[in-house]
Number of protein chains: 2
Amino acid sequence: MDEETDGIPRNRSAARDVDATDRKILGVLVDDATISYADLGDRVGLSPPAAHERVKRLRRSGAIRSTAAIIDPKAVKKPLLAFVHIDTKGWGKTPELMAVSEYPEVEEIHSVAGDTCMLLKVRTEDTRALEGLLSRLYETPGVTSTRSYVVLSTYLERPVQPGITTEWPTPRHMAQPLY
Amino acid sequence: MDEETDGIPRNRSAARDVDATDRKILGVLVDDATISYADLGDRVGLSPPAAHERVKRLRRSGAIRSTAAIIDPKAVKKPLLAFVHIDTKGWGKTPELMAVSEYPEVEEIHSVAGDTCMLLKVRTEDTRALEGLLSRLYETPGVTSTRSYVVLSTYLERPVQPGITTEWPTPRHMAQPLY
DNA sequence: CATAATGACCGTATGAAATTCAGCATCAAC
DNA sequence: GTTGATGCTGAATTTCATACGGTCATTATG
């Protein structure tokens, strides 16, 4: 069925895996999603309706999560980028985590394997705003310490690329992939 | 003029700053850039051509960098996310940095203020591919050490939000913003 | 082997949306 | 008051998305 339980959208029904043409399409749309289906079809060797059909399927299957405008952080007065480690007492989707996700300055929240900490990516207007955010984070129940790494400059920032990952030999000390 | 020297696209001509209506538009387009100008106009209180004009301006000024399909990393076989610190001998856009940016697994490259290191965000298919990437990074000239933080799970991952950053009081020990 | 069913595609047609354009209101500078 | 710039509206036009019917290749089935 094409349903969802408990509010979490799951992998839709016939999520046939992404083939070479699909990857080409994704590659084009990651660069520019405003392209017409006619041009997209030209780029990947399909008629406009066929290209359209593919894209619809990629949307339905969830391979294309959304189509979004990519905003320049400077234009919206958030030029200061920092990564923040917050040490936490425990794991998981605790209430304090929800509080952290409420801050609009917080772009990403990851939990790190093998450590009781969360890694945040935050953007603020200036160091003062960052300082304020860090204070609030430090006062959050469950947060035992914070360390922040201010980014001096960013050399590369690109979306997930649909290209094929090259195969590389397994290091000798690893017999099996753990993941 | 609306020019660029030395290949770096600079802030275009009359990059008049983003007003409240523009921020509303950006907020809508970050969520869903497939919306029609008619609907967009409804949402922000403008006629379709006026909304269109605004969006064109935001594109020209660079506030909207691009419009992109957001891809599910799992769909393109890159479910493993990790942050990698590479310690480097020096700073800046050195040749080895260029080499690092060639790897398709590397999504972001940041230099960290106050440290001779780079912070990378990488996505791979599995731990084997990550291990291979780390080996290659370690063998890169200029890289003296690598530390990787594998992400166990991600709780939040959202684009730059055009909302207004709340003002917070300056901590008592800081008289002036440094940035 | 023959036949039916399925899936992916193409070409065409039509309705919807993007885009252009002329005209009007507002505001600042002179 | 006049002029020019800016940003909007509504109508007109053109482009594009999208639905539909038909074809072909592949695969399952009698």
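Chain naming here is simple, since letters A, B, ... match the order of the sequence lines and numbering starts at 1 in each. No hydrogens, no waters, no symmetry mates; every other heavy atom, side chains included, goes into these values.
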Measure from the side chain of Arg54(B), starting at C-beta and using heavy atoms only, and say which of dC8(D), dC10(C), dT18(D) lies closest. dC8(D)

Between OH of Tyr37(A) and C1' of dA18(C) the distance, given in whole Å, is 15 Å

Find the distance Glu53(A):CD to dG11(C):P and express it as a whole number of Å. 16 Å

Are the charged groups of Asp31(A) and Arg43(A) less than 4.0 angstrom apart, N to O? no

For atom CG of Leu46(A) and atom C1' of dT18(D), their distance in whole Å: 16 Å

Nearest to side-chain heavy atoms of His52(B), which nucleotide of dT9(D), dC9(C), dT19(C): dT19(C)

Please state whether the phosphate of dG7(D), meaning OP1 or OP2, lies under 4.0 angstrom from any side-chain nitrogen or oxygen of Arg57(B). yes

Show the nearest heavy-atom pair for residues Leu137(A) and Val100(A), with the distance to one decimal. CD2-CG2, 3.9 Å

To the nearest angstrom, the CG-P distance between Asp42(B) and dA18(C) comes to 12 Å

Just by distance, with hydrogens left out, do Thr116(B) and Thr88(B) show a side-chain donor and acceptor under 3.5 Å apart? no

Tell me the interatomic distance from Ile35(A), atom CD1, to dA18(C), atom P, rounded to whole angstroms. 17 Å

Specify the separation, in whole Å, of atom CG of Asp19(A) and atom C1' of dC9(C). 13 Å

For Ser47(A), which contact category applies under a 4.0 Å heavy-atom criterion: base, sugar-phosphate, or nothing? base

Provide the full list of salt bridge (Lys or Arg N to Asp or Glu O under 4.0 Å) pairs with a residue in residues 145-161 of chain B, sequence neighbours left out, each pair given once. Asp87(B)-Arg147(B), Lys121(B)-Glu157(B), Arg123(B)-Glu157(B)

From the list dC8(D), dT20(C), dA8(C), which nucleotide is the closest neighbour of the side chain of Lys56(B)? dT20(C)

Students often get this wrong, so: under 4.0 angstrom with heavy atoms, is Pro49(B) touching a base, only sugar-phosphate, or nothing? base

